[in-house]
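The structure displayed is predicted, hence computed values, not measured ones. Protein chains get the first letters and strands the later ones, always in sequence-line order, with residue 1 at the start of each.
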Amino acid sequence: MYSFEVDKPDSVDAAVSALQVEDAQALGGGQTLIPTLKQRLASPSRLVSLTGIAEMKGVSSADGVVTIGGGTPHATVAAEAASAYPALAALAGNIGDPAVRNRGTIGGSLANNDPAACYPSAALASGATIVTNAREIAADDYFQGMFTTALDEGEVITSVRFPVPDAANYQKFEQPASRFALVGVFVARFADGVRVAVTGASEDGVFRWSEAEAALSDNFAPEAIDGLSLSGDGMISDLHGSGDYRAHITKVMTQRAVRAAG
Amino acid sequence: MVDVTMTVNGVSKSGAVEGRTLLSAFLRDGLGLTGTHVGCDTSQCGACVVHVNGQAVKSCTMFAVEADGATVDTIEGQAAADGSLNTIQQAFQDHHGLQCGFCTPGMVMSAAALLRDNPKPSEAEIRDYLEGNLCRCTGYHNIVKAIMAASGQDVAAIAAE
Ligand SMILES: Cc1cc2nc3c(=O)[nH]c(=O)nc-3n(C[C@H](O)[C@H](O)[C@H](O)COP(=O)(O)OP(=O)(O)OC[C@H]3O[C@@H](n4cnc5c(N)ncnc54)[C@H](O)[C@@H]3O)c2cc1C
Ligand code: FES
Ligand code: FES
């Protein structure tokens, strides 16, 4: 790692001003950023740690919306969102391994937008709102391709608001070496329709599978998408699976998620 | 350099660290607590697992400055002062839960975190919890057995597969 200083502000305002320094970067749980720094793929002059900011932590729920502080670790979401939004809690409880879940945060995951990360699919399928120090961003506008988001330089995710669906489920086809999703599908059924978000599969990062959404909105049953097929074009193709394989697994995971959501 | 102070295995310890000093490096090089092993240094293997404020974390993926003011527990704090092993350590010995022993500090610390939250885990729960702890020797079977035994459960049923 190159050398840097670490700031530990205790409020969002202090963090935002600390991030104004040239080449400063936010540090969440560090579960992605620290490995990146070790590889010298990033060289910030200063890291601004968000983990000591109490106002960015915790899970609350009111009026059918679950709000999660941007600095909340995955393990806390798994425990504290379990009754209000079980599918989201289950997703959080299956990220990586216990030690990763004790440190890694939802804000870090959404800011990073790894094409194989779990949370982006939950945010997109739930129609979540990403709240930053400066504005509110709809999930549909937030994800802009692999590792790319609507966030501006120095912008901090302070919380994420998830409308709670009537039924939902996340199915992760795990890549056992990385513990990320080879393909993950989050299905959410709301009164006004079904949303299906797919992670791990596309070269453009998380995406909504609109044909499946339409079919499932008419009939929320696994057979409803029997006739659909996704193309392997534009799907990630690597030694773990070809694009066609990922396309196939996407459909299987979607059907499993629908069955499990019931 | 900044000064950090943390309570390590019940004793207050201070030292000067750089921003980039990992907690694993501070424990090993700064405090001489080399029981915490660094296997991969890439967050994969879990040999470096310690408890920070009671939670299992990979000390190779946390900065020492982030643990300033925290309570840190490492493998060195597990045995009693007279050197007698704690229940989990003794079970690892009794059930042959280690071979080379490189992964063992992380395994014991992860097991301790698991048993605190879930005092009677099933075999499946133990295997799931150890997802982030890699062992290149044992094939995990005797580790799982040791943890079941440490939680007071009958291990006859999971005799060698
Ligand atoms: C072994 C292992 C297995 C994993 N498995 C999975 C998995 O199965 N599924 C999965 O989804 N993820 C997985 N991860 C990734 C993990 O979830 C990370 O915790 C997460 O991607 C990053 O969160 P973090 O808080 O650690 O962020 P950091 O690593 O601290 O930061 C990541 C990026 O986000 C920025 N950032 C951090 N917080 C904020 C914020 N609040 N606002 C704005 N920007 C911010 C940082 O500047 C940095 O660019 C795994 C990681 C490891 C090491
Ligand atoms: S040394 Fe920390 S996870 Fe391997
Ligand atoms: S005993 Fe050798 S790595 Fe586990």
**Complete:** Scored by heavy-atom pairs under 4.5 Å with chain B, the best of A:G96, A:A99, A:G52 is A:A99
**Message:** Looking at A:N102 and B:A56, would you say the former's side chain and the latter's main chain have a donor-acceptor pair under 3.5 Å?
**Reply:** yes
**Asked** Just wondering, do B:E66 and A:R103 contact through their side chains at under 4.5 Å, heavy atoms?
**Response** yes
**Asked** Among A:V100, A:N94, A:L33, A:L27, who wins on heavy-atom pairs under 4.5 Å with chain B?
**Response** A:L27
**Prompt:** Would you find more than 12 non-hydrogen atoms of other residues, nucleotides or ligands less than 6.0 Å from A:H240 atom NE2?
**Reply:** yes
**Item:** Test: B:E131 and A:R101 ion pair at under 4.0 Å
**Value:** no
**Message:** Pair A:L37, B:R20 - check side-chain contact (heavy atoms from CB on, under 4.5 Å), show working.
**Reply:** CA-CA 9 Å; A:L37 293 167; B:R20 62 182 168 178; over 6 Å; no
**Asked** With a 4.5 angstrom heavy-atom cut-off, which part of B:L130 approaches chain A: side chain, backbone, both or neither?
**Response** neither
**Request:** Would you confirm whether A:K8, through its side chain, and B:V65, through its main-chain N or O, come within 3.5 Å as a donor-acceptor pair?
**Result:** yes
**Prompt:** Relative to chain A, which segment of B:L22 carries a heavy atom at a distance below 4.5 Å: side chain, backbone, both, or neither?
**Reply:** side chain
**Asked** Got a sec: does the CZ of A:R46 have more than 12 other heavy atoms crowding it under 6.0 Å?
**Response** yes
**Prompt:** Between A:K38 and B:D41, does a side-chain contact (heavy atoms from CB on, under 4.5 Å) hold up when you go through it step by step?
**Reply:** CA-CA 9 Å; A:K38 287 180 180 176; B:D41 208 19; 2.9 Å; yes
**Asked** Atom OG1 of A:T51 and atom CZ of B:F63: how far apart are they, to the nearest 0.5 Å?
**Response** 11.0 Å
**Prompt:** If we only count heavy atoms from C-beta on, is the A:R179 to B:Q44 side-chain gap below 4.5 Å?
**Reply:** yes
**Minimum side-chain heavy-atom gap B:K58-A:D97 below 4.5 Å** = yes
**Prompt:** Non-hydrogen atoms of chain B under 4.5 Å away: do they reach the side chain of A:A177, the backbone, both or neither?
**Reply:** backbone
